[in-house]
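One structure is given here, and the rest of the page talks about it.
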Amino acid sequence: QVQLVESGGGLVQAGGSLRLSCAASGRTFSSNAMGWFRQAPGKEREFVAAISWRGGGTSYADSVMGRFTISRDNAKNTMYLQMNSLKPEDTALYYCAAQDGSYYYTAPEKYDYWGQGTQVTVSS
């Protein structure tokens with residue numbers, strides 16, 4: 001059974017940093033693209049960042065460009081999201097997702113596997 005488990009969320013002040021992790025189990029995703037999405041209360045799920053299977057290709061939402069960095073360690077079957085200069089508008093439930101394919105799409109419907117989410121709350 002495939003599982004994606006996020007960790008690293010929490011409460012942080014504006015300007016602070018957090019590092020999210022997504023650990024995969026049940027199969028390896030070393031040949032597959034992965035991504036991060038988020039959903040704030042009352043809003044639709046939105047794309048945050050995505051990474052190709054080797055990590056050479058990445059894509060970011062305009063709202064996080066220059067502040068967030070996505071990376072992965074295929075040996076550990078784990079993906080990360082380093083979040084710096086956090087803003088109150090970054091507050092959301094952050095989801096990890098993985099595909100059966102290898103291209104780092106930004107559309108959530110392209111992803112086949114999802115974690116349960118980790119809450120990030122940024123206070124002003």
Side-chain angles (χ1 to χ4, degrees):
Q1 181 181 357
V2 175
Q3 276 195 315
L4 300 177
V5 179
E6 303 94 338
S7 61
L11 174 64
V12 64
Q13 288 189 330
S17 298
L18 284 174
R19 189 193 194 206
L20 304 185
S21 298
C22 171
S25 62
R27 62 165 277 187
T28 178
F29 287 101
S30 58
S31 297
N32 306 102
M34 299 182 73
W36 289 97
F37 294 80
R38 66 188 182 186
Q39 187 167 18
K43 295 188 176 181
E44 292 190 354
R45 190 170 300 189
E46 66 173 1
F47 168 74
V48 175
I51 188 167
S52 64
W53 68 280
R54 270 192 187 178
T58 58
S59 180
Y60 296 91
D62 289 344
S63 59
V64 307
M65 184 81 71
R67 300 187 297 121
F68 290 10
T69 303
I70 189 172
S71 61
R72 64 190 297 168
D73 184 339
N74 286 340
K76 296 182 179 180
N77 217 18
T78 301
M79 177 179 64
Y80 306 96
L81 185 68
Q82 177 66 43
M83 305 186 296
N84 298 329
S85 302
L86 282 160
K87 304 175 180 179
E89 50 264 44
D90 294 319
T91 295
L93 188 60
Y94 282 71
Y95 295 92
C96 154
Q99 297 181 33
D100 284 328
S102 60
Y103 187 74
Y104 47 105
Y105 292 105
T106 62
E109 58 266 25
K110 293 292 188 179
Y111 289 78
D112 304 289
Y113 308 94
W114 291 84
Q116 294 299 306
T118 185
Q119 179 66 39
V120 171
T121 303
V122 184
S123 63
S124 57

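Along the sequence shown, the residues carry numbers beginning at 1.
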Checklist entry - Cluster question for you: counting only ILVMFWY and a side-chain heavy-atom cut-off of under 4.5 Å, with indirect links fine, are Val12 and Val64 together? => result yes
Checklist outcome for this item: Applying ring pair (Phe, Tyr, Trp, His ring centres under 6.0 Å) to Tyr111 and not counting sequence neighbours gives Phe37
Checklist entry - If you draw the axis of the six-membered ring of Tyr80, does the NZ or CZ of Arg72 fall within 45° of it and under 6.0 Å from the ring centre? => result no
Item to check | Side chain to side chain, Arg54 and Asn74, heavy atoms closer than 4.5 Å | outcome: no
Checklist entry - Are side-chain heavy atoms of Trp36 and Glu6 found at a separation under 4.5 Å? => result yes
Checklist entry - Taking all non-hydrogen atoms of both residues, which atom of Tyr60 and which atom of Ala49 are closest, and how far apart? => result CD2-CB, 3.7 Å
Next on the checklist: Within the supplied structure, the quantity of interest is the number of heavy atoms (other residues, nucleotides, ligands) at a distance under 6.0 Å from Arg27 CZ; does it exceed 12?
Outcome noted: yes
Checklist entry - With hydrophobic residues grouped by side-chain heavy-atom distances under 4.5 Å, do Tyr103 and Met79 end up in a single group? => result no
Can you give each donor-acceptor pair under 3.5 Å made by side-chain atoms of residues 116-124, sequence neighbours left out, with the distance rounded to 0.1 Å?
from: Thr118; atom 1: OG1; to: Gly9; atom 2: N; distance (Å): 3.2
from: Gln119; atom 1: NE2; to: Ala92; atom 2: O; distance (Å): 3.4
from: Gln119; atom 1: NE2; to: Thr121; atom 2: OG1; distance (Å): 3.4

Next on the checklist: Determine whether Phe47 and Tyr105 satisfy the following criterion, ring-ring contact (aromatic ring centres under 6.0 Å, His included), listing intermediate values before the conclusion.
Outcome noted: CA-CA 9 Å; Phe47 168 74; Tyr105 292 105; over 10 Å; no
Checklist entry - How long is the span from the NZ atom in Lys110 to the OH atom in Tyr104, to the nearest 0.5 Å? => result 15.0 Å
Next on the checklist: How long is the straight-line distance from OH of Tyr95 back to CZ of Arg45, given to the nearest 0.5 Å?
Outcome noted: 4.5 Å
Checklist outcome for this item: Nearest heavy-atom contact between Ala33 and Ser102 is CB-O, 3.5 Å
Checklist outcome for this item: To the nearest 0.5 Å, atom CG of Asn77 lies from atom OG1 of Thr28 at 4.5 Å
Side-chain atoms of residues 15-26: list all donor-acceptor pairs with protein atoms under 3.5 Å, sequence neighbours left out, distances to 0.1 Å.
from: Ser17; atom 1: OG; to: Asn84; atom 2: OD1; distance (Å): 2.9

Checklist entry - Under the 4.5 Å side-chain heavy-atom rule for ILVMFWY, direct or indirect, which residues accompany Leu11? => result none
Item to check | Pairwise distance CD(Glu89) to OG(Ser63) - rounded to 0.5 angstrom | outcome: 8.5 Å
Next on the checklist: I need the Met34 CE to Ile51 CD1 distance, nearest 0.5 Å.
Outcome noted: 9.5 Å
Checklist entry - With distance as the sole criterion, is a donor-acceptor pair present between the side chains of Asp100 and Tyr113 under 3.5 Å? => result yes
Next on the checklist: For Ser71, give me all partners under side chain to side chain donor-acceptor pair (under 3.5 Å), at least two apart in sequence or on another chain.
Outcome noted: none
Next on the checklist: Less than 4.5 Å apart, side chain to side chain, heavy atoms only: is that true for Lys87 and Arg67?
Outcome noted: yes
Item to check | Side chain proximity check, Val48 to Tyr94, heavy atoms < 4.5 angstrom | outcome: yes
Next on the checklist: Test: disulfide bond (SG atoms under 2.5 Å apart). Region: residues 24-67. Which pairs qualify, not counting sequence neighbours?
Outcome noted: none
Checklist entry - Could you give the distance from OG (Ser52) to CG (Asn32), rounded to the nearest 0.5 Å? => result 11.0 Å
